[in-house]
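For reference, the structure is listed below as structure tokens.
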Amino acid sequence: MSDEHANFAEFHRRSIEDRDAFWAEQARLIEWQTPPQQICDWSNPPFARWFVGGTTNLCHNAVDRHLAERAQQPALIAVSSETGSERVYTYAELHQEVQRMAAVLQSFGVQKGDRVLIYMPMIAEAAFAMLACVRIGALHSVVFGGFASSSLATRIEDAEPRVIVSADAGSRGGKVVPYKPLLDEALALSSHKPEAVVLVDRGLAPAALQSGRDHDWAALREQHLDAQVPCVWVEATHPSYTLYTSGTTGRPKGVQRDTGGYAVALAASMRHIFMAEPGQTYFCTSDIGWVVGHSYIIYAPLLAGMATVMYEGLPIRPDAGIWWSLVEKYRVTHMFSAPTAVRVLKKQDPEYLRKHDISSLKALWLAGEPLDEPTANWISDALRIPIIDNYWQTETGWPILTLCNGVQPQPSRFGSPGKAVYGYNVKLIDEATGEELTEPNQKGVVAIEGPLPPGCLQTVWRDDARFVETYWKSIPNRLIYSTFDWGIRDADGYYFILGRTDDVINVAGHRLGTREIEECIAGHPRIAEVAVVGVADTLKGQSAMAFAVPRDAAGLQDEAARQALEAEIMKRVDAQLGAVARPSRVLFVNLLPKTRSGKLLRRALQAVAERRDPGDLTTMEDPAALREIQAQLG
Ligand code: ATP
Ligand code: MG
């Protein structure tokens, strides 16, 4: 191995082979009320208990701890391009607002271990509510704002919250989305009834309060202006929250996270992955409804003593320069977004990205789905800063694969999210035999040998059996955590994610990742975005079918132009991957079906292509995308 990788390799080795000493060091990055007695209890696999005997508090570490040194520094920068509002909260102000919210929750009887469901748009009060929960040892369960009432109802029934915190409405692309009617419907559907609903009234939509149940946040806040609510010290293993996965592959899973392990994992990630310093500014464009929002809008930047930008709005409204104008205004140093957002920007003039002074920005991290090379190159050319892919899951809470530039600067290889992060004992496994694949460039399931590092899910909420069966028993002959993603690793340890295990296509005995074909098609200059799925084929078992969004739809009006481009794409796949990978059809569409977290819903595409029922679509962003495709397929 060359020197440019040696230090990191040693760091990673120590994290696995000298696990307890390694994590004992990382644990010093946070403050404990009682230090842990045992670093990792792995006596009952696959359940890992981290920092046993330690007591701490997530809110103390995110807020109170910084008051001595940076009370007057910005902590939360809440910006809405939807309502035109912008407000900076210092650490002292955040501390006060969180205590007010905590006092309100306590006034409705919320105690340690109780759940509070948060159904909110991206406004500061959502952050107050999350921090208020962990301050008093209650678990938050954030449900993506604007989810349909039926999805919300099942989550209410699962979490059984004592209190729900919500708002009159969210806003998206200038359109008000009333939340209160959805919440009322969900509560009517749900067999569980909360003690109280706390409603933040933004004055966007009429929201009738049901007497006895619903309360106006502004009025409650007035009653608790001087609230002093001390942090409740909880065991490191006390759950901090539950959160559902995106639901890309089916019924979402309720991930349960601990307190101490999560705080340590995030604090360590800020040092080793993000090279963050107190006083800097972090702008993560995700939503608090997703894990990226939990970890990198709320907790990690605050744990690191940074200012965090919370943004409500689209990346292209009022124009495609909006994010970069915020970078300029707040001297943002770290930016975190998703490939799906970059693809939205890619359809705009790159000049918008160059109009603003972004010299404060150190790098852009992207996660959530595969970052194809053409998209990575495009954003890299437009911004001229390092673009760093990172791969992880709701389940893990922080990156599994990326570059740990804080340990040792490593070169990016576009198309790869990087190497196994310290703490993760990542293996590639042959699904059929359960054997480990150790040679470079072999394809297999990306799996993680237990124990999972701190910060990862403790279990599935109220369903230990599902945790064990789903994640740890899918690979024959061994107890190992499956990510359900398929990948390869090169000789230097860089991984490439080839798609989800469900999406692997089997053409006449050849196994192909959908990702490989997508990457090839996305490289065509006329294609903005593409999805490939395997479709049942009587002759070959399966064949690939491609759904491509052209960059210039106007140029594809007539059938001859479409056929010419389709033929060109097929030739390209033939040349790069071979004839087995060639799609049987390339359909040109305006929109691809995605989850609200921006992930391609391949299973829905596949079902429609095979003329089956697309199944549970409650987490889908825009049903029009699927209808258009159904119409085209006839
Ligand atoms: P569900 O588990 O409910 O089907 P989901 O897997 O989409 O939904 P998330 O936890 O939000 O829910 O997404 C994690 C998945 O996203 C990963 O398992 C992987 O498939 C994909 N992913 C995330 N980041 C990357 C990345 N950088 N490169 C490739 N794929 C990624
Ligand atoms: Mg998943």
Side-chain angles (χ1 to χ4, degrees), residues 142 144 151 154-155 242-255 257 273 286-296 336-343 364-373 375-376 387-403 412-421 424 426 445-448 456-457 460-461 466-467 470-471 474 481-488 494-504 513-516 518-519 522 531 593-604 615-621:
V142 180
F144 181 76
S151 314
T154 54
R155 285 157 174 75
T242 65
L243 177 67
Y244 287 92
T245 59
S246 294
T248 310
T249 55
R251 190 161 64 95
K253 299 163 281 272
V255 162
R257 187 102 57 219
I273 298 173
S286 181
D287 188 286
I288 50 152
W290 315 123
V291 69
V292 175
H294 278 61
S295 293
Y296 293 104
F336 192 136
S337 192
T340 190
V342 175
R343 289 189 198 105
L364 168 67
W365 283 266
L366 297 169
E369 29 153 18
L371 174 65
D372 57 283
E373 224 180 307
T375 301
I387 306 299
I388 306 174
D389 192 358
N390 59 120
Y391 159 89
W392 43 298
Q393 307 182 302
T394 308
E395 290 85 346
T396 66
W398 61 288
I400 304 168
L401 303 174
T402 190
L403 301 176
S412 269
R413 291 189 188 166
F414 288 166
S416 161
K419 304 183 197 178
V421 171
Y424 290 97
V426 180
V445 187
V446 180
I448 307 167
C456 296
L457 80 169
V460 172
W461 172 245
R466 192 173 178 206
F467 172 66
T470 305
Y471 294 106
S474 74
Y481 174 89
S482 175
T483 62
F484 297 100
D485 289 308
W486 219 51
I488 58 169
Y494 284 77
Y495 284 79
F496 294 79
I497 299 294
L498 300 175
R500 298 177 188 253
T501 51
D502 292 357
D503 296 332
V504 171
T514 45
R515 168 79 192 281
E516 298 170 85
E518 283 167 5
E519 183 99 13
K594 293 192 176 170
T595 62
R596 297 199 192 214
S597 53
K599 290 162 192 288
L600 267 176
L601 271 166
R602 284 200 195 72
R603 71 178 158 88
D616 181 3
L617 295 178
T618 46
T619 68
M620 185 154 76
E621 167 76 33

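Just the heavy atoms: all of them, side chains too, but no hydrogens, waters or symmetry mates, feed the values below. Order of listing sets the numbers, starting from 1, for every ligand and every atom in it. The first residue in the sequence is number 1, and the count goes up from there.
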- Can you find an N or O of Leu371 that's nearer than 3.5 Å to an N or O of ligand 1? no
- Using a strict cut-off of 4.0 Å, indicate which atoms of ligand 1 neighbour a heavy atom of Thr394. 9 (P), 10 (O), 11 (O)
- Message: With a 4.5 Å cut-off on side-chain heavy atoms, are Trp486 and Asp503 touching?
- Response: no
- Ligand-residue contact atoms, ligand 1 with Asp485, heavy atoms, under 4.0 Å: 17 (C), 18 (O), 19 (C), 20 (O)
- Item | Intermediate values then yes/no, side chain to side chain contact (heavy atoms under 4.5 Å, CB included), Asn390 and Trp398 | CA-CA 9 Å; Asn390 59 120; Trp398 61 288; over 6 Å; no
- Query: Just which atoms of ligand 1 are under 4.0 Å from any heavy atom in Arg500?
  - Reply: 5 (P), 6 (O), 7 (O), 15 (C), 16 (O), 20 (O)
- Which atoms of ligand 1 are found less than 4.0 Å from any heavy atom of Glu369? 22 (N), 23 (C), 24 (N), 25 (C), 26 (C), 27 (N), 28 (N), 29 (C), 30 (N), 31 (C)
- Which of the atoms of ligand 1 are close to Lys599, meaning less than 4.0 Å from one of its heavy atoms? 7 (O), 9 (P), 11 (O), 13 (O), 14 (C), 15 (C), 16 (O)
- Message: Salt bridge check, Arg343 against Glu369: does any charged N sit closer than 4.0 Å to a carboxylate O?
- Response: yes
- In the protein, what heavy atom is nearest to atom 4 (O) of ligand 1, and what distance, to one decimal place, separates them? Thr249 OG1, 2.4 Å
- Which ligand 1 atoms does Asn390 reach within 4.0 Å, using its non-hydrogen atoms? 24 (N), 26 (C), 27 (N)
- Message: Does the plane of the ring in Tyr296 sit parallel, tilted or perpendicular to the ring in Phe336? Use 30° and 60° as the thresholds.
- Response: parallel
- By side chain to side chain contact (heavy atoms under 4.5 Å, CB included), Thr619 pairs with (sequence neighbours left out) Phe147, Arg155, Thr595
- Query: Can you tell if the side chain of Thr375 reaches within under 4.5 Å of the side chain of Phe414, non-hydrogen atoms only?
  - Reply: no
- Tell me, do Cys456 and Thr396 make a side-chain contact under 4.5 Å, heavy atoms counted? yes
- Item | Protein contact to atom 11 (O) of ligand 1 [nearest heavy atom, distance to 0.1 Å] | Ser246 OG, 2.7 Å
- Identity and separation of the nearest protein heavy atom to atom 7 (O) of ligand 1: Thr248 OG1, 2.4 Å
- Compare Pro399, Ser482, Gly415, Pro370 and give the one whose heavy atom is closest to atom 29 (C) of ligand 1. Pro370
- Note on the structure: From the list Arg500, Glu519, Arg602, side chain to side chain contact (heavy atoms under 4.5 Å, CB included) partner of Thr514 resolves to Arg602
- Item | Distance filter under 4.0 Å to Trp392 heavy atoms, resulting ligand 1 atoms | 14 (C), 17 (C), 23 (C), 24 (N)
- Give the numbers and elements of all ligand 1 atoms closer than 4.0 Å to a heavy atom of Thr245. 1 (P), 2 (O), 3 (O)
- Would you call Glu395 and Thr470 a side-chain contact if the rule is heavy atoms closer than 4.5 Å? no
- Heavy-atom proximity to atom 22 (N) of ligand 1, picking from Gly418, Gly499, Gly368, points to Gly368
- Considering residues at least two apart in sequence or located in another chain, which fulfil the side chain to side chain donor-acceptor pair (under 3.5 Å) criterion with Tyr494? none
- Note on the structure: of all protein heavy atoms, closest to atom 2 (O) of ligand 1 is Lys253 NZ, 3.2 Å
